Amino acid sequence: MANLLHHLPADVLLHVFTYLPAADKFNVRVCCKYFDQLVSHRSLWEDYTACFSFKNGRYNPLFWTSLARRGLKRAVVLGGLKEKHWIQLASTLPSLSTLVVDNGIQECARHLNKFPKLRSLALRGNNTRNAFAVIKCLTVVDPELMTCISLCNVDFLSPEHFLAFLSQFPNLTSLEYHSAGDIRNQVQMFHCIISGLPKLKHFSWAMNHYSKYVSVPEKGLGETADCFSNQTLTSLELVVYDDSCLSNDTMRSLTRLQSLTVVYMDSQEGHRLKTWLSHVPQLSTLVIKGGPPSREYGGSIPAKVTSLTMCVNQLTSADLAVIASKVQGLLHLHLEPWPSDCHTGLIFKLFPNLQSIKLRIWQIGEKNFLDLHRFRSMQRIEVMDAADSPRIAEISRQLQTLNDKIRILTSSGPRDPCACYHH
């Protein structure tokens with residue numbers, strides 16, 4: 001068998017290896033030198049991220065040699081690196097385009113100029129609230145190349161100060177700003193960002209330390225829609241969001257919004273959501289976590305929504321029927337928790353075009369899960385139960401035996417190392 005594999009063309013083997021997860025690729029490497037060379041081909045590692053932590057000692061030369069062959073373009077640095085480590089990283093991955101620095105921002109400022117192709121930079125850490133350290137980091141990168149910036153637990157002196165800083169990056173299309181400052185300052189920051197970055201397409205905004213003692217007006221702390229506008233923003237995330245911050249008119253000027261995520265701080269908030277949804281008719285992706293019962297806004301979900309995530313309590317089959325009457329072309333659905341009075345047969349009666357679904361088997365029951373094989377439009381099922389559970393694996397195999405066209409994935413693996421703490 002080994003000899004037969006060696007006679008296959010390299011491009012055929014590379015294609016086969018693309019279907020292997022990282023753990024299996026590492027196992028293939030030890031078979032022989034030829035496979036070791038093939039598995040290190042750059043095409044197999046384009047979507048992978050290298051994570052570095054030097055707390056347990058340095059990496060050996062073979063590690064750096066192997067890493068250089070793969071040509072990874074994304075890296076996460078955990079903790080402070082010494083100067084020699086930064087030099088080694090830059091010489092090994094000179095084409096790095098995405099870098100996440102988790103703590104150690106002060107140290108990295110002196111070395112970012114070693115990565116001339118950097119387009120995306122994330123700076124975060126539990127104790128990193130010094131805006132001047134961040135400014136020092138970003139003044140050494142090429143402002144024309146930078147398109148994505150993520151800042152977590154970083155407080156700027158004022159919204160004007162922050163916007164003046166961001167205006168140096170004319171091609172910025174994606175911004176994550178997860179602050180920890182005064183709520184009024186953050187609301188002003190929101191409006192400055194929305195109106196002051198002309199090419200911004202994605203914005204993720206989170207408030208970390210909201211004070212319940214802040215007195216907010218009934219109309220919200222946000223300004224009216226006449227005070228700001230944005231014609232390019234297509235994706236907006238409001239994370240750890242308090243409903244009293246922004247006004248009912250916040251979405252009125254975001255006419256091109258296609259994706260909206262709202263993660264509420266409190267399960268009883270969200271009385272503005274119904275009005276917001278009526279202002280974004282082009283919306284195709286909607287994610288709601290927490291907030292009020294869905295019956296308060298379900299009838300206002302835009303008809304063009306094709307992907308819907310609802311992690312809300314008290315969801316019933318009657319609520320889903322109202323939603324289904326609005327989004328008849330829904331293709332993806334994620335419900336958490338699963339409604340107790342709803343079986344999978346009803347789901348596909350309400351949403352006949354559904355192609356993918358995300359669920360927990362223990363919530364819907366094994367019989368309901370196996371019944372998914374009856375729905376010929378179904379292409380993908382994402383299971384959130386423990387991936388290492390023998391029973392879950394067995395039930396998944398049974399479903400694929402009944403319908404081999406359905407692809408079953410698990411989502412209980414490690415979190416994305418590039419993701420902010422709030423995701």
Side-chain angles (χ1 to χ4, degrees), residues 159 173-177 183 186-207 216-312 319-320 322-333:
T173 59
S174 176
L175 175 65
E176 289 184 349
Y177 182 61
I183 182 173
Q186 292 181 61
V187 172
Q188 293 173 9
M189 196 81 75
F190 176 88
H191 291 291
C192 283
I193 291 170
I194 292 295
S195 59
L197 298 176
K199 293 186 179 181
L200 194 66
K201 295 182 179 180
H202 169 75
F203 179 36
S204 178
W205 181 56
M207 296 176 299
V216 295
E218 178 63 25
K219 294 184 178 181
L221 289 168
E223 302 171 22
T224 64
D226 294 335
C227 298
F228 71 97
S229 63
N230 185 296
Q231 300 300 315
T232 61
L233 196 72
T234 58
S235 174
L236 176 63
E237 294 179 352
L238 302 175
V239 187
V240 197
Y241 176 70
D242 182 270
D243 198 44
S244 60
C245 296
L246 302 177
S247 72
N248 285 329
D249 291 329
T250 296
M251 301 296 164
R252 190 182 295 276
S253 66
L254 305 181
T255 55
R256 298 190 179 183
L257 202 65
Q258 298 175 13
S259 176
L260 174 64
T261 296
V262 186
V263 182
Y264 286 99
M265 185 180 300
D266 193 302
S267 60
Q268 301 304 316
E269 297 174 347
H271 61 278
R272 304 184 196 280
L273 185 56
K274 180 179 179 179
T275 304
W276 284 2
L277 293 175
S278 66
H279 293 161
V280 285
Q282 302 302 317
L283 205 67
S284 60
T285 299
L286 177 63
V287 178
I288 303 296
K289 297 185 179 181
S294 64
R295 59 179 174 271
E296 294 188 14
Y297 58 85
S300 299
I301 296 178
K304 290 187 177 182
V305 168
T306 57
S307 177
L308 178 63
T309 295
M310 299 185 69
C311 300
V312 298
D319 297 329
L320 289 176
V322 172
I323 295 171
S325 67
K326 301 294 294 183
V327 290
Q328 299 179 11
L330 195 69
L331 302 177
H332 171 75
L333 180 64

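When reading the values below, keep in mind they use all heavy atoms of this one structure, side chains included, and skip hydrogens, waters and symmetry mates. For the single chain, residues carry numbers from 1 onward in sequence order. The structure presented is a predicted model; accordingly, all values stated were derived computationally and were not measured.
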Are side-chain heavy atoms of Leu273 and Tyr264 found at a separation under 4.5 Å? yes
Give, for atom OG of Ser174 and atom CG of Leu197, the distance between the pair rounded to the nearest 0.5 Å. 11.0 Å
Contact check, side chains of Thr250 and Arg272, non-hydrogen atoms, under 4.5 Å: no
Tell me every residue that passes side chain to side chain contact (heavy atoms under 4.5 Å, CB included) with Val322, counting only those two or more places apart in sequence or in another chain. none
From His191 NE2 over to Ser253 OG, what is the distance, rounded to the nearest 0.5 angstrom? 9.0 Å
Could you tell me which residues satisfy side chain to side chain contact (heavy atoms under 4.5 Å, CB included) with Arg295, sequence neighbours excluded, listed by chain and number? Pro293, Gln314, Asp319
With a 3.5 Å cut-off and no angle check, do the side chains of Thr261 and Glu237 form a donor-acceptor pair? no
Rounded to the nearest 0.5 Å, what's the gap from CG on Leu330 to CG on Leu320? Could you check? 10.0 Å
Identify the two heavy atoms, one from His332 and one from Ser307, that lie closest to each other, and give their separation to 0.1 Å. CD2-OG, 3.3 Å
Pairwise side-chain contact, Leu246 with Trp205, heavy-atom cut-off 4.5 Å (strictly under): yes
What heavy-atom pair brings Val312 and Tyr297 nearest, and what distance separates the two atoms? CG1-OH, 3.8 Å
4.5 Å side-chain heavy-atom contact, Leu260 and Leu254: no
Taking all non-hydrogen atoms of both residues into account, name the closest pair between Pro281 and Pro302 and its distance. O-CB, 4.1 Å
Do Tyr177 and Phe190 touch side chain to side chain, with heavy atoms closer than 4.5 Å? no
Which residues pass the side chain to side chain donor-acceptor pair (under 3.5 Å) test with Thr232, not counting sequence neighbours? Asn230
CD (Gln258) and CG (Leu236) are apart, to the nearest 0.5 Å, by 13.0 Å
Listed partners of Ser235 passing side chain to side chain donor-acceptor pair (under 3.5 Å), at least two apart: His202
Which side chain to side chain donor-acceptor pair (under 3.5 Å) pairs, counting each pair once, include a residue from residues 279-289, with sequence neighbours left out? Arg252-His279, Gln282-Lys304
Between Gly290 and Ile288 the two heavy atoms that sit nearest each other are O-CG2, 3.7 Å
Which residue, Val239, Leu238, Val240, forms the side chain to side chain contact (heavy atoms under 4.5 Å, CB included) with Met265? Val240
Between atom NZ of Lys326 and atom CG of Leu277, what is the distance when rounded to the nearest 0.5 Å? 10.5 Å
Only counting residues at least two apart or in another chain, list the ones meeting side chain to side chain contact (heavy atoms under 4.5 Å, CB included) with Leu331. Thr306, Asn353, Gln355
